[in-house]
There are 2 protein chains.
Amino acid sequence: MPLILGGLAFLFKHPAAGRRQIVGYRVPGDFCDVHLSELYPLDYSVAALGPVRVASIPVRDLSDLLARHPAIERAFALAELLDLAMLREWLLNIGQRNAQQKLCHFFCEMSVRLRAVGMVNGDGSVELPLDQAVLADTTGLTLVHINRTLQQMRHDRLVELGKRRLTVRDPERLAAVAEFDTSYLRVEHGRTAVA
Amino acid sequence: MPLILGGLAFLFKHPAAGRRQIVGYRVPGDFCDVHLSELYPLDYSVAALGPVRVASIPVRDLSDLLARHPAIERAFALAELLDLAMLREWLLNIGQRNAQQKLCHFFCEMSVRLRAVGMVNGDGSVELPLDQAVLADTTGLTLVHINRTLQQMRHDRLVELGKRRLTVRDPERLAAVAEFDTSYLRVEHGRTAVA
DNA sequence: CGACCGATTGACCTGCGTCAAATATCGTGG
DNA sequence: CCACGATATTTGACGCAGGTCAATCGGTCG
């Protein structure tokens, strides 16, 4: 039961061929997988985005830990509900929106989550080290189309995606385009930094 | 905390406009929402597909019930993990596959789930009362395109979608087209009919 | 300098969307 | 039993967002 302390990771699934769908991101303070692997074999894989620091909680200690600390148990339950909420929101995003909106929405979500755990730089940009191929697998779009959409967004002064960082130029408009509503992330409700 | 006893329901979310994304189905034996609404406000809505019978478990009794019956608590945890797994699989489905595959995959999943709870007719068809508009909102496709894809599938002898029932003509080929792998549904693992 | 990896570009194509109208299908009341 | 409105399926013509293929460019590193 790994807990992320620093760095980013993502979860993904393979359909048969060379394709890949990313089904979630993990930021510091998140559990990698909420599974007790005994109960339910993993149906996805995990990969790191750059170096990651992880704390591993032995499963044997876990039930004890949860019993002893109700606050941790509650955090645990919340983490799972949050995961469900994010997946539903993603499904809506992938299913209903166009390329630009998908990217906007993803950037909004990551911006909020990264900000919540303090992965912000002095200039307000946010620590997000991904290449366009990863964005493609996140949104279900093509690398080429991601590239063109990003150019458009850059030109529209919405966001700037640097080598390792994301700079949101116009948060209002970004959220508006994405029809983004933070509430499903529940950042206020003390799920920031379990550590 | 409603538990479905008979009939079908689905969960959905609205992006701003008149669009709608269905984010899950509930069959007999499923909990409608695994939320303790105190902890986490719902971010989706529920609708019934025809008449539904529901048992309502008061939230106050719940923690007691779980504590007293570990088997139920375990079923509960499993239900949540299953929900996560289905959402991930759906995300992959919506993100990576073409219209025909999406439909095939959805039909495969529903066929398995409905069969697991005995909603099968004598002729092997399965109880699935939905119209093409609902299919559209499930897959993120257009009503018109759903119609054309269904015709193709009918012509290819893959499935037949009647007024209230789905008949799978060629299960093998259906699963092959959809790249469907049952395992994420874990039907063997005693999650059939909690009731 | 050469190899490599990621970003970018261009030409072209197609799956799916859009708009709009035509047919079923069905429950209801006359 | 039939007419009628409402709901669902089907059809046709047409357009475009996004996919595909393939080449180029820029930077980085040994």
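In what follows, chains are A, B, ... by sequence order, proteins preceding strands, each numbered from 1. Not measured: the values here are computed from a predicted model.
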(request) Whole angstrom is fine here: how far is it from CG in A:Leu103 over to C1' in D:dA17? (result) 14 Å
(message) Taking any heavy-atom pair under 4.0 Å as a contact, classify B:Arg164: base, sugar-phosphate, or nothing.
(response) nothing
(request) Look at all strands and tell whether B:Leu150 reaches a base, only sugar-phosphate, or nothing, counting heavy atoms closer than 4.0 Å. (result) nothing
(message) What is the distance, to the nearest angstrom, from the CG atom on B:Asn98 to the P atom on C:dG15?
(response) 9 Å
(message) Between P on C:dC16 and CG on B:Leu135, what's the gap in Å once rounded to a whole number?
(response) 15 Å
(message) Keeping A:Asp30 on the side-chain end and A:Cys32 on the backbone end, is there a donor-acceptor pair under 3.5 Å?
(response) no
(request) Can you tell me the distance, in whole Å, between the CZ atom of B:Arg97 and the P atom of D:dG18? (result) 21 Å
(request) For the pair A:Arg97 (side chain) and A:Ile94 (backbone), establish whether a donor and an acceptor sit closer than 3.5 Å, ignoring hydrogens and angles. (result) no
(request) Describe the nucleic acid contact of B:Asp131 in one word from base, sugar-phosphate, nothing, applying a heavy-atom distance below 4.0 Å. (result) sugar-phosphate
(request) Mind calculating the distance between CD (A:Gln96) and P (D:dA17) to the nearest angstrom? (result) 18 Å
(message) The side chain of B:Lys163 is closest to which nucleotide in this list: D:dG19, D:dA8, C:dT18?
(response) D:dA8
(message) side-chain contact (heavy atoms from CB on, under 4.5 Å) for A:Met119 and A:Val126? Distances and angles first, verdict last.
(response) CA-CA 6 Å; A:Met119 291 180 71; A:Val126 117; 5.7 Å; no
(message) If you only use heavy atoms from C-beta on, which nucleotide in D:dT10, D:dG18, D:dG19 is closest to the side chain of B:Arg154?
(response) D:dT10
(request) Respond yes when some side-chain nitrogen or oxygen of A:Asn147 is under 4.0 Å from OP1 or OP2 of C:dA7, and no when none is. (result) no
(request) Measure the distance from CD on B:Gln100 to P on C:dT14 and round it to the nearest whole Å. (result) 18 Å
(request) Find the distance B:His155:NE2 to D:dT10:C1' and express it as a whole number of Å. (result) 16 Å
(request) State whether the side chain of A:Gln101 and the backbone N or O of A:Val177 hold a donor-acceptor pair below 3.5 Å, judged by distance alone. (result) yes
(request) Determine whether any donor atom in the side chain of A:Arg148 lies under 3.5 Å from an acceptor atom in the base of C:dG10, or the reverse, and answer yes or no. (result) yes
(request) Can you tell me the distance, in whole Å, between the CD atom of A:Gln132 and the C1' atom of C:dA7? (result) 6 Å
(message) On DNA chain D, does the nearest nucleotide to A:Ala99 precede the nearest nucleotide to A:Val144 from the 5' side, or the other way round? Give the residue.
(response) A:Ala99
(message) Is it the case that the side chain of A:Asp83 and the backbone of A:Met86 share a donor-acceptor pair, with hydrogens and angles ignored and the cut-off at 3.5 Å?
(response) no
(message) By nearest atom, which of the nucleotides C:dC16, D:dT10, C:dC26 is closest to the B:Gln151 side chain?
(response) D:dT10
